[in-house]
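The structure displayed is predicted, hence computed values, not measured ones. Atom set for the values below is all heavy atoms of this structure, side chains included, hydrogens, waters and symmetry mates excluded.
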Amino acid sequence: METGSTSKSRVKAERVKDGGATRLSSMLQKIEPFMPRIDHNPNELRSWAKRTGFVSDYSGGTQASASQKNDSALFDLEKGLDSINGGSSPKIEIDPVLGRTKPNRGIEIEPVVKNERDGTGRGEDQSRRTGVEAKVDERKVGSNGSVYRNGNGNVNGNANANGNGNRNEVPVVAPAVEPKKDDNLAERDAKLDFPYGEEPAPGGWHRPSGMKCGLRENPGFVPLIYYGLQHYLSLAGSLIFIPSIIVPAMGGTDKDTATVISTMLLVSGVTTILHSYFGTRLPLVQGSSYVYLAPALVIMNAREYRDLTEHKFRHIMRELQGAIIVGSIFQSILGYSGLMSLFLRFINPVVVAPTVAAVGLAFFSYGFPEAGSCVEISIPQILLLLIFTLYLRGISIFGHRVFRIYAVPLSIMIIWTYAFFLTAGGAYNYKGCSPDIPSSNILIDACRKHAYTMKHCRTDVSNAWRAAAWVRIPYPLQWGIPIFHLRTSMIMIIVSLVASVDSVGTYHSASVRVISKPPSPGIVSRGIAMEGFCSILAGLWGTGTGSTTLTENVHTIDITKVASRRAVEVGAVFLILFSFVGKVGAILASIPQALAASVLCFMWALIVALGLSTLQYSQTASFRNITIVGVALFLGLSIPAYFQQYQPESSLILPSYFVPYMAASSGPVHTGSEQLDFALNAILSLNMVVTLLVAFVLDNTVPGSRQERGVYIWSRAEEIANDPSLLSDYALPRKVARCFYWARCLGV
């Protein structure tokens with residue numbers, strides 16, 4: 001046979017393929033089984049393949065005639081197999097939805113067969129391959145008994161009769177050496193199959209990596225109490241400080257502040273349990289969101305409410321209740337009708353990130369200006385929070401990262417104690433001035449300049465402890481019948497859309513961390529609808545704001561490593577019990593305002609960071625994305641500043657941080673209708689609303705691929721229905737599901 005001839009090799013290939021079954025079956029017993037390398041962590045390969053969706057469908061036609069050509073034909077994940085004869089490698093297509101490679105059905109998969117003459121494999125340098133890859137190839141060849149041909153139809157041999165290679169033998173595989181028995185082989189195979197180091201629980205479910213307690217786990221009664229209280233203590237800054245802002249601004253007393261805090265604890269506990277059973281069923285705490293804080297400040301600073309002196313607090317609270325109820329009804333209809341499933345197509349990380357960030361940035365004019373009223377308290381509080389959350393976050397005490405989990409409550413206790421010693425030591429005692437402010441000090445010129453400092457710094461200013469009852473159960477309509485106006489209802493309807501967008505981002509981020517698979521659009525709609533129903537309850541009880549999924553839930557799950565739905569429910573029960581004790585709300589209402597403002601500075605900054613972290617699901621280096629986010633954030637701050645520059649004419653002296661929220665009554669929009677003017681001026685003066693509008697329009701009109709935009713990939717309803725583990729995670733309780741059997745759009 002002449003050199004380079006292929007006719008006889010083809011005949012041999014067909015003979016081996018058709019009549020060599022007996023020979024192949026006899027050699028199968030000598031094939032070395034797959035043995036992963038001991039020094040290689042299989043979790044890395046599995047997690048990488050799972051994250052990227054890699055499928056080994058690469059193939060190509062090559063003819064290894066020289067060793068230097070084999071060296072140039074290296075396997076590359078980005079480029080595929082380079083052709084040795086100058087041909088181009090097959091193009092690898094990426095599915096834009098799943099992020100997986102599309103298999104090329106027209107080309108056969110051709111694993112590498114070793115050539116003893118030059119020590120290289122066809123299409124890949126054998127010496128450069130890892131041990132795992134080499135053994136995978138041997139396992140594939142030996143297990144199916146196939147003979148692999150190159151693109152020209154030649155059978156690659158692994159032995160030569162003479163030095164010039166004129167005669168080629170075609171054995172399928174070289175005789176394998178009997179492997180040495182390893183007692184730990186089964187254990188290593190189990191680790192390879194289950195990358196999290198443990199077999200899944202019944203139904204195919206397993207705890208996500210790094211979690212102490214999974215979604216459906218029940219660690220016991222005592223651990224549940226501990227985990228539940230831990231979960232809510234880490235969210236303390238988001239649950240209790242909103243009343244400390246809005247109640248004094250509405251003219252309420254210290255007793256009113258304590259009552260609103262107790263009401264907020266009750267509503268938060270009830271709505272969390274409702275969402276855990278009838279919403280998305282994710283371990284997410286519901287509470288008064290900062291999304292509703294800015295519109296509440298706009299409504300309470302309306303022209304007709306500024307000069308009210310009698311029953312001002314109750315009148316404004318009833319106005320807020322009516323607006324919240326109307327906006328919540330709209331949100332419930334949006335969810336239960338299934339329209340939210342359609343709206344999800346236009347909500348992506350590039351929209352969610354700047355919108356959530358704008359919620360935190362909206363209060364930059366309130367944060368430190370209020371905290372700066374007592375810098376000897378506020379600056380140590382901010383520094384201590386940063387030290388706990390950043391510098392001491394890795395320190396464990398008895399196996400618990402106390403400083404990272406309890407950063408907010410621990411720092412508050414330390415600085416509050418420090419402020420108490422300052423007050424008791426006479427740091428805020430001024431000659432002729434009584435701490436009973438502002439009634440006694442405002443009349444004395446010498447004390448007038450000290451009244452502001454004493455009010456914000458002293459720990460004995462509040463009389464909430466003396467006025468609050470030991471036992472008081474909050475009840476619906478405790479402030480009176482809600483007042484309904486078109487202008488305030490329009491504001492809250494738009495704000496409910498912003499709250500829904502915020503919750504969508506939280507659902508996706510939390511589900512990936514807790515279950516590793518996001519919910520379906522129907523389940524998201526069900527969660528939004530339940531949030532609307534919970535906000536109706538908040539409006540009836542009178543918390544001053546609506547109830548939504550707190551953005552800080554994602555941060556709490558990350559730091560506590562607890563994703564148990566039962567733990568969140570147990571913690572919610574404790575919130576309900578605490579709400580019945582009036583002195584609990586009184587203690588929280590007694591926190592100095594400067595201390596509360598300094599904690600809010602940190603919480604709002606955390607919301608900005610959590611919002612921008614949503615961009616991790618998109619291509620953050622894309623010029624398209626960074627431009628949209630930058631323009632949305634800038635215009636979201638600049639356009640409201642234009643509306644806020646119209647100063648109202650009022651004889652009432654207000655703090656400078658409340659002036660921007662008066663634009664609704666004297667803004668530049670004049671349509672001839674006072675109701676519509678108020679609504680439009682108020683909506684366009686809200687940073688988060690303008691940011692959402694800009695980001696929504698740009699992201700859905702500027703061209704970009706799905707990978708570039710980071711389009712949220714939600715699970716399909718049939719996937720969840722056919723997967724017992726996912727069905728147990730997301731499905732409604734059986735009796736409840738029967739009642740909602742008609743609502744297919746809700747993923748029940």
Just checking F313 against W479, ring centres under 6.0 Å apart?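 That pair passes the under 6.0 Å test.
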
Which pair of heavy atoms, one from [X] and one from [Y], lies closest together, and at what distance?
X    : Y    : answer
A249 : K312 : O-NZ, 4.2 Å
I557 : L284 : CD1-CD2, 4.5 Å
A572 : G269 : CB-O, 3.5 Å
T257 : P248 : OG1-CD, 4.4 Å
W541 : V267 : CB-CG2, 3.8 Å
D254 : S462 : OD2-CA, 3.4 Å

Which atom pairs, one a donor and one an acceptor, fall under 3.5 Å between side chains of residues 561-569 and the rest of the protein, sequence neighbours left out?
from, atom 1, to, atom 2, distance (Å)
K561, NZ, D558, O, 3.2
S564, OG, E217, O, 3.2
S564, OG, R566, N, 3.3
S564, OG, A567, N, 3.3
R565, NH1, R281, O, 2.8
R565, NH1, D729, O, 2.9
E569, OE2, S276, OG, 2.5

- request: Going by the side chain to side chain donor-acceptor pair (under 3.5 Å) test, name the single residue among T423, T453, N429 that passes it with R458.
  value: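 In the set T423, T453, N429, the residue that makes a side chain to side chain donor-acceptor pair (under 3.5 Å) with R458 is N429.
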
Assess whether atom CZ of F580 is packed by more than 12 heavy atoms of other residues, nucleotides or ligands within 6.0 Å.
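Enclosed: over 12 neighbouring heavy atoms sit under 6.0 Å from CZ of F580.
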
How long is the span from the [atom1] atom in [X] to the [atom2] atom in [Y], to the nearest 0.5 Å?
X    : Y    : atom1 : atom2 : result
R318 : L477 : CZ    : CG    : 10.5 Å
I324 : T488 : CD1   : OG1   : 10.0 Å
L282 : L215 : CG    : CG    : 7.0 Å
I377 : S598 : CD1   : OG    : 8.5 Å
T459 : L422 : OG1   : CG    : 9.0 Å
T556 : Y232 : OG1   : OH    : 10.5 Å

Verify whether one side chain among [X] and [Y] offers a donor that lies under 3.5 Å from an acceptor in the other.
X    : Y    : result
H400 : Y226 : yes
R513 : N553 : no
T280 : H275 : yes
Y305 : E319 : yes
S373 : Q593 : no
D502 : T355 : no

I'd like to know if the side chain of [X] reaches the main chain of [Y], judged simply by a donor and an acceptor atom lying under 3.5 Å from each other, with no hydrogens or angles considered.
X    : Y    : result
T691 : M688 : no
Q321 : G539 : yes
R393 : L390 : yes

Any disulfide (SG to SG under 2.5 Å) pairs touching residues 366-423, not counting sequence neighbours?
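As it turns out, the disulfide (SG to SG under 2.5 Å) pairs with a partner in residues 366-423, which skip direct neighbours, are C374-C457.
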
Quick check: do [X] and [Y] have side-chain heavy atoms less than 4.5 Å from each other?
X    : Y    : value
V599 : I412 : yes
T389 : F602 : yes
V402 : F388 : no
V270 : L274 : yes
S590 : W416 : yes
H456 : E370 : yes
L239 : S268 : yes
D256 : T253 : yes

**Study point:** Y366: partners by side chain to side chain donor-acceptor pair (under 3.5 Å), with sequence neighbours left out
**Key:**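 Once residues adjacent in sequence are excluded, Y366 has no partner under the side chain to side chain donor-acceptor pair (under 3.5 Å) criterion.
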
For [range], which residue pairs pass the side-chain hydrogen bond (donor to acceptor under 3.5 Å, both in side chains) check, not counting sequence neighbours?
range            : result
residues 374-383 : E376-Y428, Q381-S411
residues 242-252 : none
residues 286-298 : Q286-T549, S288-T545, S289-T548

| said: Could you walk me through whether K583 and W465 satisfy the side chain to side chain contact (heavy atoms under 4.5 Å, CB included) test, starting with their C-alpha distance in whole Å, then the side-chain angles of each, then the deciding distance to 0.1 Å, before giving a yes or no? | reply: CA-CA 6 Å; K583 294 298 184 181; W465 177 264; 3.5 Å; yes

Before you tell me yes or no, could you show the steps for Q478 and R472 under side-chain hydrogen bond (donor to acceptor under 3.5 Å, both in side chains), namely the whole-Å CA-CA distance, both residues' side-chain angles and the distance that decides it to 0.1 Å? CA-CA 12 Å; Q478 57 187 336; R472 183 187 184 277; 3.0 Å; yes

Walk me through it: do Y430 and M454 pass the test side chain to side chain contact (heavy atoms under 4.5 Å, CB included)?
-> CA-CA 9 Å; Y430 302 99; M454 296 174 70; 3.7 Å; yes

Yes or no on side chain to side chain contact (heavy atoms under 4.5 Å, CB included) for V581 and V471, after CA distance, side-chain angles and deciding distance?
CA-CA 5 Å; V581 183; V471 177; 5.9 Å; no

Let's go through L266 and L575 carefully: what are the C-alpha distance in whole Å and the side-chain angles of both, what is the deciding distance for side chain to side chain contact (heavy atoms under 4.5 Å, CB included) to 0.1 Å, and is it a yes or a no? CA-CA 6 Å; L266 172 65; L575 279 191; over 6 Å; no

TODO: Just do the side-chain hydrogen bond (donor to acceptor under 3.5 Å, both in side chains) check on S238 and E552 with the steps written out, would you?
DONE: CA-CA 8 Å; S238 303; E552 300 89 320; 2.4 Å; yes

